[in-house]
Asks: 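I am attaching a structure below and will ask some questions about it afterwards.
When reading the values below, keep in mind they use all heavy atoms of this one structure, side chains included, and skip hydrogens, waters and symmetry mates.
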Protein chains: 2
Amino acid sequence: MISSVIFYLLKKGAHREPVRITTGEVAEQTGVSQQTASRKLISLERDGLITRVGGKVVVTEKAIGEARKLLREVLDSLEGTSLVFNGKIVAGIGEGAFFVKQKKYMQGFDKLLCFKPFPGTLNVSIGENDIEKRLQLREQKAIIINGFKDGKRTFGKIASYRCAINGIPAAVIFPEMSVHGLQVLEIIAPYNLRKKLSLSDGSEVKVEVTANIPC
Amino acid sequence: MISSVIFYLLKKGAHREPVRITTGEVAEQTGVSQQTASRKLISLERDGLITRVGGKVVVTEKAIGEARKLLREVLDSLEGTSLVFNGKIVAGIGEGAFFVKQKKYMQGFDKLLCFKPFPGTLNVSIGENDIEKRLQLREQKAIIINGFKDGKRTFGKIASYRCAINGIPAAVIFPEMSVHGLQVLEIIAPYNLRKKLSLSDGSEVKVEVTANIPC
DNA sequence: ATTACTAATTCACGAGTAA
DNA sequence: TTTACTCGTGAATTAGTAA
């Protein structure tokens, strides 16, 4: 478990190289006695979170990974995450509109994204370089629009994130059962974006996705 | 003191609005009993880190500030901080060269920045918009080159950060007793940057400063 | 100087439970 | 349901100290 002792060691740069750190110093900085600091370092070492050689301390990869994950999660929630994609408009097959129009989805969008989308999706093909960012995005906490059943057909849930396309508020959606691969972002907005932004197939657009930010 | 309970609350977005969070939930997520979670929330409330109204929890500004500070510090150390300045070359008064040439400083640069600088400084005037970033930079942990006394004269310490100017490794220095204001960044590098980058007064350059990153 | 053991102590914990 | 009280227990902490 990542403790304040690990945070202190990381602040000291003990993840890059062995750093001379005494138990007394840790004690003072984390508000415990020297003996407790000693015990904590021993137990961190036993748990494989640090290694010690000759009074110098190194934080292990394991601990670095855990710490980074925790910090990222909290900081993303605290400050939001912004990812910018550059892409080009590509033609859809009209399938998007059918899904977006579904009443239950509409209700979900209105409630969770705070707008009623225009019945249609704008497909943006992102560059090779942005695929990595796309994967990063999917690690962010999404706004989930629940799926539902409609007699014969099942409509899966939709993960979404608020975004701005060329500065206009919108949302990027990742339907559970998407027909699109990693290359295409599906965008919905309160209006017909093609008209509003005068877009046609091949137009270049900038999509700035902001995760972990409220309406 | 910022605890894992605060982190959990922040992940839940309890810094933006009151969030319904039960003691049982906190207990489960932080690996303690419901009773302990209850006690911890009570003590957080007593310490003014959270407030509770009708089962909903909000994290106070005080706690948010502390958490942000801690997270930033650790994350900066872990991942380094990168700040990009755009600026223009301006003429110096030759004073920089005199200081940089001092043997003691030279030794310090070589040891801490891992290069022997060309005896001269390149002055980059940054835009209005970048002043804020400059202040941000000075909050980062600097590489400190110690000052010294030379009989009559006192040479103050120099704070420095590694950087890349138009992609070339260099360092930006902030002498304790600088003649420059907030507008000008002083750059040193292993070579004559004016020649190497074919710069003249007024040339536009990009300076990417990377703090908290080793040589 | 620093580390970490043992012994004494405390105070944090979970169980049980009332509201 | 959830919260938070009391109480008994022991794990975690500090003091003292040896190495």
Asks: Without decimals, in angstroms, what is the distance between K40(A) NZ and dT3(C) C1'?
Replies: 17 Å

Asks: Checking side chain to side chain contact (heavy atoms under 4.5 Å, CB included) against I50(B), which of V5(B), I6(B), V58(B), I21(B) comes through?
Replies: I6(B)

Asks: Rounded to the nearest angstrom, tell me the gap between atom CZ in R46(A) and atom P in dA12(D).
Replies: 11 Å

Asks: Checking side-chain polar atoms at under 3.5 Å, does S125(B) have a donor or acceptor matched by the opposite partner on Q183(B)?
Replies: no

Asks: For dT2(D), take OP1 and OP2 only and decide whether either is under 4.0 Å from a side-chain N or O of R52(B).
Replies: no

Asks: State plainly whether the residues E25(B) and K12(B) are in salt-bridge range, i.e. N to O under 4.0 Å.
Replies: yes

Asks: State whether the side chain of R134(B) and the backbone N or O of V184(B) hold a donor-acceptor pair below 3.5 Å, judged by distance alone.
Replies: yes

Asks: So what does T22(A) hit on the nucleic acid, given a heavy-atom distance under 4.0 Å: a base, only sugar-phosphate, or nothing?
Replies: sugar-phosphate

Asks: So which of K157(A), H180(A), R138(A) actually passes side chain to side chain contact (heavy atoms under 4.5 Å, CB included) with F174(A)?
Replies: R138(A)

Asks: If pairs are Watson-Crick or G-U with both distances under 3.5 Å, what is the dot-bracket string of DNA chain C, marking crossing pairs with [ ] and pairs to another strand with |?
Replies: .||||||||||||||||||

Asks: Calculate the interatomic distance between I21(A) atom CD1 and dA4(C) atom C1'; express it in whole Å.
Replies: 18 Å

Asks: Can you check the K56(A) NZ to dT3(C) C1' distance for me, whole Å?
Replies: 18 Å

Asks: Can you confirm whether or not the ring centre of Y191(A) sits under 6.0 Å from the ring centre of F118(A)?
Replies: no

Asks: Are any of the side-chain nitrogens in D130(A) or K133(A) under 4.0 Å away from the carboxylate oxygens of its partner?
Replies: yes

Asks: For nucleotides 14-19 of chain D, give me one character per nucleotide, 5' to 3': B if any protein heavy atom sits under 4.0 Å from the base, S if the only such contacts are to the sugar-phosphate, - if neither.
Replies: BBB---

Asks: When you look at E79(B) and R68(A), which way does the salt bridge (Lys or Arg N to Asp or Glu O under 4.0 Å) test go after all the steps?
Replies: CA-CA 9 Å; E79(B) 311 199 331; R68(A) 180 173 279 134; 2.9 Å; yes

Asks: Do F99(B) and F155(B) make the cut of ring centroids closer than 6.0 angstrom?
Replies: yes

Asks: Once you apply a heavy-atom cut-off of 4.0 Å, does I42(B) come out as touching a base, just sugar-phosphate, or nothing?
Replies: sugar-phosphate

Asks: Taking OP1 and OP2 of dT3(D), is either one under 4.0 Å from a side-chain nitrogen or oxygen of T23(B)?
Replies: yes

